[in-house]
Q: 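Below: one structure in structure tokens.
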Amino acid sequence: MTANVVWMLLGSTALWLSLPGGGTASASKAVTAHLAAKWPETPLLLEASEFMAEESNEKFWQFLETVQELVIYKQRESDYSYYNLILKKAGQFLDNLHINLLKFAFSIRAYSPTIQMFQQIAADEPPPDGCNAFVVIHKEHTCKINEIKKLLKKATSRPRPYLFKGDHKFPTNKENLPVVILYAEMGTRAFGSFHKVLSEKAQNGEIQYVLRHYIQKPSSRKMYLSGYGVELAIKSTEYKALDDTQVKTAINTTVEDETETNEVQGFLFGKLKEIYSDLRDNLTAFQKYLIESNKEMMPLKVWELQDLSFQAASQIMSTPAYDAIKLMKDISQNFPIKARSLTRIAVNQHMREEIQENQKYLQDRFEIQPGDAHLFINGLPLDMDVYDPFSILDMLKLEGKMMNGLHNLGINGEDMSTFLRLNSHVSHVSEHSYVLDIRHSSIMWINDLENDGLYVTWPTSCEELLKPIFLGSIPSIRRNFHNLVLFIDPAQEYTLDFMKLADHFYYHKIPLRIGFVFILNTDDKVDGTNDAGVALWRAFNYIAEKHDVSEAFISIVQMYQKVKSQNILTVDNVKSVLQNKFPYVNIWDILGIDSKYDKERK
């Protein structure tokens, strides 16, 4: 078969389009598009390992242990058998949901760019000649296992390598160890030999073992990518002189070839010709007529278009389940050609009523008009102009993690659906929000709702949360339910506003536990005589020790009330308050270089 081939570059990819040419034996009008990357096909085993790494570092190394020399099976098995073998190995560490997600990741080759990234990092080393695997120890290379010990002796005297976020680091509790980076293809014998030695050394605390993928002999096959849409616009402005007799001959030949096809517009002509062999010529003529009429994209009348979508749905529903998706894809991608044949299909009235009822429900609840396309995952609406298969894979992972968490809590079936529905209407609101863990010793809490005498008259029962209160207010419960933590640099202008806010909440007994994290200069040479932040910190600790934390907070508020120049706290403001409160104390014993009130500044 001859074909015209058109290609164009798309970033780091090449698009190959196979178009039927003038001498093509088949009359098929299909256009097949392949999007090929500039790098060769990457092994599925390595892509599976990257999927594991995203789950957890522990699962990555566990999976690695089970596939150390798996590539030897690839030489004996078919690609499909090897694919199933990888899924079987991964199934030891993944549940059914994540196995399906791994299959999806394989289908769109989601982790192929990651493998190629490691390949490019290895090329920059560069790899020693003729090595299936090699190690880099602080700028020194070797592909011989017996040379590792020698290179480790003076490794610390050489610069440490830069480690990337995606590097696979063998779990170890020690730090500041010599870094050994292994470049190898997981599953090969060379990898297995190196991994055995390096993992033992890492477990003994001798090295920090890092693995990066390296394929010595990349595949000769192209890396065809999925998940990309291709729009093809063809316009011919050439005028050609053709021999009419040759054109007719070519058309007749094409029709003869197509009569060999078994099914045309629902008629199984192969079967019909077996049953009615005496009518073979008539059946062939009828078959040619259907083939030729099927290619004619004649305009349809308005009344013929009214039920076209119902007729397409009816044909798909009448098809066996295993062929329904294939037929739906064929109709969607070749709709102008298929439209005329669809107009002859009778629509089941019950199905029509059910579709119309569904359309009304979707329009009332989600404002989805008939004919619109929308995508929902666990009730979350996804913008189809923004999301692609790769971001959908990430979304499915997050949803799968949440569903697994609910399952582990014993929540299944309808109960899980209820929980997911509760979250569906707020997920898009909190998509970019985050939570800070405030259980940390560096936070200085100035009040405690549960223990301070200031709040002793408040009720402690959680039932207070159920009682009606004014809109926007917080119920006065003697519980540390609501917390406000202020991260402030005492010597900045904005701090004055934060101190006024905290003082307002504290003075009016708003049911908030208020805490501060002071951002200070941690240099030991800096003291309270020349740095306002350090002076405030030492004064705060002194007052808290002599009285309590609440009194220390009130004193800090007074310091900021004395602020005048540019709204910035100075050492003199701190000294003034200390001298008023403690007139008989040497201020420099508190603020000076020998102060004992500097604890926990770092």
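All heavy atoms count here, side chains included; hydrogens, waters and symmetry mates do not.
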Q: Report yes if the side chains of Q68 and M186 come closer than 4.5 Å at any heavy-atom pair, otherwise no.
A: no
Q: Quick check: do F310 and Q356 have side-chain heavy atoms less than 4.5 Å from each other?
A: yes
Q: With the threshold set at 4.0 Å, does a side-chain nitrogen-carboxylate oxygen contact exist between E357 and K360?
A: no
Q: Please check this pair: side chain of T319 against backbone of Q315, looking for a donor-acceptor N/O pair closer than 3.5 Å.
A: yes
Q: Rounded to the nearest 0.5 Å, what separation is found between the CG atom of D394 and the CZ atom of F390?
A: 10.0 Å
Q: With rounding to the nearest 0.5 angstrom, report the NZ to CD1 distance, K88 to I86.
A: 13.5 Å
Q: Testing the 3.5 Å rule here: is there a donor-acceptor pair between the side chains of H407 and N404?
A: no
Q: What are the two closest non-hydrogen atoms of M384 and A373, and how far apart are they?
A: SD-O, 3.4 Å
Q: Check the pair I121, Y214 against side chain to side chain contact (heavy atoms under 4.5 Å, CB included), reporting the backbone distance first and the verdict last.
A: CA-CA 9 Å; I121 293 173; Y214 166 64; over 6 Å; no
Q: Between A48 and L102, what is the shortest heavy-atom contact and its length?
A: CA-CD1, 4.1 Å
Q: Given R212 and L163, is the side chain to side chain contact (heavy atoms under 4.5 Å, CB included) satisfied, shown in steps?
A: CA-CA 10 Å; R212 290 175 180 169; L163 298 182; 4.1 Å; yes
Q: State whether the number of non-hydrogen atoms from other residues, nucleotides or ligands found under 6.0 Å of E65 atom CD is greater than 12.
A: yes
Q: For S219 versus P40, what's the shortest heavy-atom pair and its separation?
A: O-CB, 3.2 Å
Q: Does the pair W39 and I115 meet the rule for a side chain to side chain contact (heavy atoms under 4.5 Å, CB included), with working shown?
A: CA-CA 10 Å; W39 62 86; I115 307 303; over 6 Å; no
Q: Looking at CG of D307 and CD1 of I345, how far apart are the two atoms once the value is rounded to the nearest 0.5 Å?
A: 11.5 Å
Q: Nearest 0.5 Å please: distance from the CG atom of L308 over to the OG1 atom of T343.
A: 7.5 Å
Q: Specify the closest pair of heavy atoms between L512 and N483, including all atoms of both residues, with the distance to one decimal.
A: CD2-N, 4.2 Å
Q: Could you check D323 against K329 for salt bridge (Lys or Arg N to Asp or Glu O under 4.0 Å), going step by step and ending with a plain yes or no?
A: CA-CA 10 Å; D323 282 335; K329 174 184 173 183; over 6 Å; no
Q: Looking only at side chains, do E47 and T42 share a donor and an acceptor under 3.5 Å apart?
A: yes
Q: Taking the side chain as everything from C-beta on, heavy atoms only, tell me whether L211 gets closer than 4.5 Å to F170.
A: no
Q: Is the count of non-hydrogen atoms from other residues, nucleotides or ligands lying under 6.0 Å from E353 atom CD greater than 12?
A: yes
Q: If only atom types and distance count, is the side chain of S314 paired as donor or acceptor with the main-chain N or O of Q311 below 3.5 Å?
A: no
Q: Do you know the tightest heavy-atom contact between P511 and P475?
A: CG-O, 3.6 Å
Q: Is the Y183-F118 ring centre distance short of 6.0 angstrom?
A: no
Q: Does atom CD1 of I325 have more than 12 heavy-atom neighbours, drawn from other residues, nucleotides or ligands, at distances under 6.0 Å?
A: no
Q: How far does CD1 of I392 sit from CD of E399, to the nearest 0.5 angstrom?
A: 12.5 Å
Q: Is it the case that the side chain of Q119 and the backbone of I215 share a donor-acceptor pair, with hydrogens and angles ignored and the cut-off at 3.5 Å?
A: yes
Q: Is a side-chain N or O of D167 found less than 3.5 angstrom from the main chain of F164, in a donor-acceptor match?
A: yes
Q: Does a side-chain heavy-atom distance below 4.5 Å link L398 with M402?
A: no
Q: Between E54 and K397, does any side-chain N to carboxylate O distance fall below 4.0 Å?
A: yes
Q: Does S461 reach the main-chain N or O of E464 with its side chain, forming a donor-acceptor pair under 3.5 Å?
A: no
Q: Side chain to side chain contact (heavy atoms under 4.5 Å, CB included) between F60 and E58: does it pass, once the steps are laid out?
A: CA-CA 5 Å; F60 171 83; E58 182 183 6; over 6 Å; no
Q: Counting only heavy atoms from other residues, nucleotides and ligands, does the tally under 6.0 Å from CE of M351 exceed 12?
A: yes
Q: Can you tell me if N96 has over 12 outside heavy atoms packed within less than 6.0 Å of its CG?
A: no
Q: Step through it carefully: locate the ring centre of F106, locate the ring centre of Y83, and say whether they are under 6.0 Å apart.
A: yes
Q: Look at the side chain of Q363 and the backbone N and O of Q369, then say whether any donor-acceptor pair between them is shorter than 3.5 Å.
A: no
Q: Is it true that the side chains of K273 and Q287 contain a donor and an acceptor less than 3.5 Å apart?
A: yes
Q: Write down the atom of M223, the atom of E41, and the distance for their closest heavy-atom approach.
A: SD-CA, 3.7 Å
Q: Is it the case that atom CD in Q62 sees more than 12 heavy atoms from other parts of the structure closer than 6.0 Å?
A: yes
Q: Can you find a pair of side-chain heavy atoms, one from Y82 and one from L44, that are under 4.5 Å apart?
A: no
Q: Hey, is K326 close enough to D330 for a salt bridge, meaning N to O under 4.0 Å?
A: no
Q: Between H168 and N57, do the side chains contain a donor N or O and an acceptor N or O under 3.5 Å apart?
A: no
Q: Are Q216 and E185 linked by a side-chain donor-acceptor pair shorter than 3.5 Å?
A: no
Q: Is a side-chain N or O of T66 found less than 3.5 angstrom from the main chain of F63, in a donor-acceptor match?
A: yes
Q: Atom CZ of F51 and atom CD1 of I99: how far apart are they, to the nearest 0.5 Å?
A: 7.5 Å
Q: Is there a side-chain contact between R352 and N348 in this structure, where contact means two heavy atoms from C-beta onward sitting under 4.5 Å apart?
A: no
Q: With side chains defined as the heavy atoms from C-beta onward, is the minimum distance between H213 and E50 less than 4.5 Å?
A: yes
Q: Flag the pair Y276 / D278 as yes when at least one side-chain heavy-atom distance between them is below 4.5 Å, and no otherwise.
A: yes
Q: Under 3.5 Å, is there a donor on one side chain and an acceptor on the other for D388 and S391?
A: yes
